[in-house]
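Everything on this sheet refers to the single structure shown next.
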Amino acid sequence: MLLENKVVLVTGGSRGIGAAVAVESARQGADVAIHSNRGGEVAEEVIREIEALGRRAIHVEGDVAAFESAQTFVDAAVEAFGRVDVFVSNAGICPFHAFLDMPPETLKRTMEVNLHGAYFMTQAAANQMVKQGNGGSIVAVSSISALVGGEYQTHYTPTKAGVHSLMQSCAIALGKHGIRCNSVLPGTILTDINKDDLADPKKREYMENRIPLGRLGQPDDLGGPVVFLASDLAKYVTGAALLVDGGMFVNLQ
Ligand SMILES: NC(=O)C1=CN([C@@H]2O[C@H](COP(=O)(O)OP(=O)(O)OC[C@H]3O[C@@H](n4cnc5c(N)ncnc54)[C@H](OP(=O)(O)O)[C@@H]3O)[C@@H](O)[C@H]2O)C=CC1
Ligand SMILES: C[C@H](O)[C@@H]1OC(=O)[C@H](O)[C@@H]1O
């Protein structure tokens, strides 16, 4: 198992990509703390899935955009499991909207959740790893959108480029502590974030046709790549970005 007896923290772990990463981490032997804005049945279902794999799990509620949420999450995980080995920064939103009339509050909220949230959480997890003194691994869920644009994503794509850039700078800042920092760049993965956007059959077909592997992604397509980067199999990988997009990015013609 790639994460045997490790402690893994995942933001946005209640649904979608984060839930799949949390469950795959447990399958690979880790105890897992998940964080999300809301609790409820979806988060409890993830906890049950992890426990059914014989691992321990907790859920912590809070808004990643609030600075205090990060320390609260890390403290709760340390109280439950004793330490933090792996941190996965995944929580994010994408409220599709046109550029010319973008409401300033939508821009601000997207920046605060996706970028400030990733920053605060990564900082709190890194401080805990530095205190522990035996390194660690941080993986951020950026996006193919860090590299290419979207007409209704002018507020969103800069946050994903920012998350990738954050991992590059953190790789330098934290290398001396043995902490590796990498990003995954998912393509289009079927989750709640794009349910409405992909409800348009023309849009969905267009996206599917752009993917050489012939299908849109599923959340569990991210489980393996994130676990790989988190694990010692990637012990000399830091500051890297791994596209997980079925080949969509390279498909020019
Ligand atoms: N799906 C896709 O095609 C792609 C997604 N991504 C990225 O992957 C990440 C996960 O997205 P995905 O799984 O698709 O989306 P989902 O909408 O399925 O899940 C989002 C998760 O983030 C949490 N979250 C959202 N806002 C906050 C907040 N303010 N504070 C705390 N938690 C919050 C949600 O919790 P709650 O239920 O409490 O709101 C939920 O657990 C995002 O960063 C997204 O940008 C990147 C590329 C492609
Ligand atoms: C939400 C979108 O469908 C999704 O988000 C991303 O980051 C991808 O580029 C897709 O556009």
Side-chain angles (χ1 to χ4, degrees), residues 9-23 33-47 59-70 72-73 88-97 108-118 120-122 139-164 166-167 183-200 203-204 206-208 210-211 215-223 225-226 241-246 248-249:
L9 276 61
V10 186
T11 67
S14 61
R15 297 186 278 127
I17 292 171
V21 167
V23 170
I34 62 169
H35 182 276
S36 65
N37 207 10
R38 295 166 292 182
E41 184 51 32
V42 278
E44 280 160 30
E45 178 56 34
V46 179
I47 299 293
H59 173 252
V60 180
E61 230 173 284
D63 182 354
V64 292
F67 175 71
E68 323 74 66
S69 296
T72 302
F73 182 35
V88 181
S89 176
N90 163 77
I93 56 171
C94 182
F96 287 77
H97 203 285
K108 187 167 180 281
R109 180 68 181 157
T110 306
M111 295 277 175
E112 286 178 353
V113 171
N114 294 7
L115 190 52
H116 296 190
F120 299 148
M121 282 282 178
T122 298
V139 182
V141 180
S142 169
S143 172
I144 188 175
S145 299
L147 310 176
V148 287
E151 181 176 357
Y152 297 99
Q153 294 177 308
T154 56
H155 52 325
Y156 171 79
T157 59
T159 69
K160 295 282 112 178
V163 162
H164 169 50
L166 174 64
M167 286 302 105
S183 326
V184 288
L185 277 52
T188 298
I189 312 297
L190 290 164
T191 70
D192 293 341
I193 209 172
N194 49 30
K195 211 160 56 188
D196 294 343
D197 187 49
L198 295 173
D200 172 0
K203 173 83 184 268
R204 188 174 170 134
Y206 167 75
M207 297 306 278
E208 280 167 351
R210 290 205 50 184
I211 301 172
R215 64 171 176 86
L216 296 168
Q218 293 292 339
D220 78 348
D221 288 319
L222 270 300
V226 171
L242 178 56
L243 268 167
V244 185
D245 67 345
M248 180 157 61
F249 179 71

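All ligand and atom numbering here is 1-based and tracks the order in the structure.
Residue, atom and distance of the protein heavy atom nearest to atom 38 (O) of ligand 1 are Arg38 N, 2.6 Å. In this structure, the protein non-hydrogen atom closest to atom 4 (C) of ligand 2 is Gln153 NE2, 4.1 Å. Atom 14 (O) of ligand 1 has its closest protein heavy atom at Thr191 OG1, 2.5 Å. Nearest non-hydrogen protein atom to atom 7 (C) of ligand 1 is Val141 CG1, 3.7 Å. Counting only heavy atoms of the protein, atom 20 (C) of ligand 1 lies nearest to Gly92 O, 3.8 Å. Nearest protein neighbour of atom 10 (C) of ligand 1, counting heavy atoms only, is Asn90 OD1, 3.2 Å. Ile193 CG2, 3.5 Å is the protein heavy atom nearest to atom 1 (C) of ligand 2. Nearest non-hydrogen protein atom to atom 41 (O) of ligand 1 is Ser14 OG, 2.7 Å. With respect to atom 11 (O) of ligand 1, the closest heavy atom belonging to the protein is Ile193 CD1, 4.1 Å. The nearest protein atom to atom 10 (C) of ligand 2, hydrogens excluded, is given as Thr188 OG1, 3.9 Å; this is a heavy-atom distance. Looking only at protein heavy atoms, the nearest one to atom 48 (C) of ligand 1 is Gly187 O, 2.9 Å. When hydrogens are left out, the protein atom nearest atom 9 (O) of ligand 2 is Ser145 OG, 2.5 Å; that is the closest non-hydrogen contact.
In Met207, neither the side chain nor the backbone holds a heavy atom less than 4.0 Å from any atom of ligand 1. At a 4.0 Å heavy-atom cut-off, ligand 1 touches Asn194 through the side chain alone. Looking at Val113 against ligand 1, only its side chain comes within 4.0 Å, counting heavy atoms. Residue Ile93 touches ligand 1 through its side chain alone, judged by heavy-atom distances below 4.0 Å. Counting heavy atoms closer than 4.0 Å to ligand 1, residue Ser142 contributes backbone atoms (N, CA, C, O) but none from C-beta onward.
Close approach of ligand 2 to Gly187 (heavy-atom distance below 4.0 Å) involves ligand atoms 8 (C). Proximity to Arg109 (heavy-atom distance under 4.0 Å) selects the following atoms of ligand 1: 29 (N). Set against the non-hydrogen atoms of Ser143, the atoms of ligand 2 under 4.0 Å away are 6 (C), 7 (O), 8 (C), 9 (O). Taking a cut-off of under 4.0 Å to the non-hydrogen atoms of Asp63, the atoms of ligand 1 that pass are 28 (C), 29 (N), 30 (N). The atoms of ligand 2 that sit less than 4.0 Å from any heavy atom of Phe96 are 1 (C), 2 (C), 3 (O). Listed by number with element, the atoms of ligand 1 under 4.0 Å from a non-hydrogen atom of Ala91 are 22 (O), 24 (N), 32 (N), 33 (C), 43 (O). Atoms of ligand 2 found under 4.0 Å from any heavy atom of Ile144, numbered from 1 in the order shown, are 9 (O).
In this structure, Ile34 and Ser36 have side chains that are not in contact, with every pair of non-hydrogen atoms separated by 4.5 Å or more. Between Cys94 and Asn194, the closest side-chain pair of non-hydrogen atoms is not below 4.5 Å. Inter-residue side-chain proximity for Leu222 and Asn90 is flagged as unmet; no heavy-atom pair is nearer than 4.5 Å. Looking only at side-chain heavy atoms (C-beta outward), Gln153 and Ser145 come within less than 4.5 Å of each other.
The N/O atoms of Tyr156, backbone and side chain alike, include one that comes under 3.5 Å of an N/O atom in ligand 2. At least one N/O-N/O distance between Arg15 and ligand 1 falls below 3.5 Å. Among the atoms of His35, none of the N or O lies under 3.5 angstrom from an N or O of ligand 1.
A distance-only check finds no donor-acceptor pair linking the side chain of His35 to the backbone of Ala91 [under 3.5 Å]. At least one donor-acceptor pair under 3.5 Å links the side chain of Lys160 to the backbone N or O of Val141.
Look at Met121 and you'll find every heavy atom at least 4.0 Å from all atoms of ligand 1. Residue contact check for ligand 1: Lys160 places a non-hydrogen atom closer than 4.0 Å to it. For the ligand labelled ligand 1, residue Gly62 lies inside the 4.0 Å heavy-atom shell. Residue contact check for ligand 2: Pro186 places no non-hydrogen atom closer than 4.0 Å to it. Under a 4.0 Å heavy-atom criterion, Asp197 is not in contact with ligand 2.
Which of Ile189, Leu185, Thr159 comes nearest to atom 2 (C) of ligand 1 through a heavy atom is settled by distance: it is Ile189.
Classification of Arg109 and Asp63 as a salt-bridged pair holds, one side-chain N sitting under 4.0 Å from a carboxylate O.
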